[in-house]
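Below is one structure, written out as structure tokens, with a few remarks after it.
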Amino acid sequence: QVQLMESGGGLVQPGGSLRLSCAASGFTSDHVNIGWFRQAPGKEREGISCINSGSGTTYYVGSVKGRFTISTDNAKNTVYLQMSSLKPEDTGVYYCAAQEDLVTRGTMPTSDEYEHWGQGTQVTVSS
């Protein structure tokens with residue numbers, strides 16, 4: 001049974017940094033795509049970054065490119081989202097999602113393509 005658990009959210013001032021973690025377990029495949037989504041108040045859930053565990057290929061949506069970095073620690077079965085230069089518009093609930101054997105080629109999968117989801121962690125960027 002696949003389980004995902006996010007942590008690391010909180011309140012940060014504009015320009016600050018946070019690192020989100022997604023602890024994953026229960027996969028049966030060595031090829032897993034992990035995605036990060038966020039949902040701002042009153043808005044639809046938005047995919048912002050993903051990584052293929054096998055190839056290490058990453059993707060970032062334009063609004064976070066250059067500010068966010070996705071990475072994995074395979075020994076800890078954890079995916080990280082390092083967020084820097086945070087802006088108020090980055091505020092929202094951040095979710096990690098996972099799908100086995102989902103291979104992406106330079107695009108962000110839609111939320112419908114992910115079967116497994118964490119419970120979310122709140123990120124608030126405010127002075």
Side-chain angles (χ1 to χ4, degrees):
Q1 180 178 356
V2 174
Q3 292 186 326
L4 304 173
M5 179 71 70
E6 303 98 333
S7 61
L11 173 64
V12 63
Q13 292 186 341
S17 299
L18 278 177
R19 188 178 76 163
L20 305 183
S21 300
C22 174
S25 62
F27 296 121
T28 58
S29 171
D30 290 334
H31 302 282
V32 182
N33 186 283
I34 303 287
W36 283 97
F37 289 75
R38 68 184 177 194
Q39 188 163 20
K43 295 188 177 181
E44 294 186 355
R45 191 171 297 187
E46 172 192 27
I48 58 173
S49 184
C50 68
I51 186 167
N52 290 316
S53 67
S55 65
T57 304
T58 60
Y59 170 84
Y60 301 93
V61 70
S63 60
V64 307
K65 193 175 295 184
R67 300 188 298 123
F68 291 10
T69 302
I70 191 170
S71 62
T72 62
D73 184 334
N74 292 331
K76 295 182 179 179
N77 293 325
T78 300
V79 175
Y80 301 101
L81 186 68
Q82 177 69 47
M83 307 186 295
S84 303
S85 302
L86 283 162
K87 305 175 181 180
E89 51 264 43
D90 294 317
T91 294
V93 180
Y94 282 68
Y95 300 89
C96 68
Q99 181 61 46
E100 295 179 276
D101 300 319
L102 171 61
V103 179
T104 59
R105 295 179 177 85
T107 62
M108 181 74 198
T110 66
S111 58
D112 290 343
E113 296 181 80
Y114 290 95
E115 180 179 358
H116 309 288
W117 291 83
Q119 83 290 349
T121 186
Q122 176 70 45
V123 171
T124 302
V125 184
S126 175
S127 55

I need the minimum non-hydrogen distance between [X] and [Y], along with the two atoms involved.
X: T107; Y: P109; result: O-CD, 3.6 Å
X: S49; Y: L81; result: CB-CD1, 4.3 Å
X: Q119; Y: L4; result: OE1-O, 3.9 Å
X: G54; Y: H31; result: CA-ND1, 3.8 Å
X: S29; Y: D101; result: OG-OD1, 2.8 Å
X: L18; Y: V12; result: CD1-CG1, 4.1 Å

Any [X] side-chain heavy atom under 4.5 Å of [Y] side chain:
X: W36; Y: M83; result: no
X: N33; Y: Y114; result: yes
X: L11; Y: S126; result: yes
X: L20; Y: E6; result: no
X: R38; Y: V123; result: no
X: E113; Y: L102; result: yes

*Starting from the C-alpha separation in whole Å, work towards a yes-or-no answer on side chain to side chain contact (heavy atoms under 4.5 Å, CB included) for D90 and R67.*
CA-CA 11 Å; D90 294 317; R67 300 188 298 123; 2.8 Å; yes
Are the side chain of [X] and the backbone N or O of [Y] linked by a donor-acceptor pair below 3.5 Å?
X: D73; Y: A75; value: yes
X: T124; Y: T91; value: no
X: S85; Y: G15; value: no
X: Q13; Y: S127; value: no

*Hey, mind stepping through E44 and S111 against side chain to side chain contact (heavy atoms under 4.5 Å, CB included) and telling me if it holds?*
CA-CA 11 Å; E44 294 186 355; S111 58; over 6 Å; no
*Kindly compute the distance separating CD1 (I70) from CG (N52), expressed to the nearest 0.5 Å.*
9.5 Å
*asked:* Would you compute the distance between atom OG of S21 and atom CE of M5 and round it to the nearest 0.5 angstrom?
replied: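 S21 OG to M5 CE: 12.0 Å, rounded to 0.5 Å.
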_Just by distance, no angles: are the side chains of S71 and Q82 close enough, under 3.5 Å, to form a donor-acceptor pair?_
no
*For I34 and T72, run side chain to side chain contact (heavy atoms under 4.5 Å, CB included): C-alpha distance rounded to whole Å, both residues' side-chain angles, the deciding distance at 0.1 Å, then the answer.*
CA-CA 9 Å; I34 303 287; T72 62; 5.9 Å; no
*side chain to side chain contact (heavy atoms under 4.5 Å, CB included) between F37 and V93: does it pass, once the steps are laid out?*
CA-CA 8 Å; F37 289 75; V93 180; over 6 Å; no
*asked:* Applying a strict under-4.5 Å side-chain criterion to I, L, V, M, F, W and Y, I'd like to know whether I51 and Y80 cluster together.
replied: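 No, I51 does not connect to Y80 through the hydrophobic network.
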*Look at the rings of Y94 and F68 and say which category their plane angle falls in: under 30° parallel, 30 to 60° tilted, over 60° perpendicular.*
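Because their plane-to-plane angle lies in the 30° to 60° range, the rings of Y94 and F68 count as tilted.
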*Under 30°, 30 to 60°, or over 60°: which ring-plane class applies to H116 and F27, parallel, tilted or perpendicular?*
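If you compare the ring of H116 with that of F27, the planes turn out perpendicular.
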*E89 atom CD, over 12 foreign heavy atoms within 6.0 Å*: yes
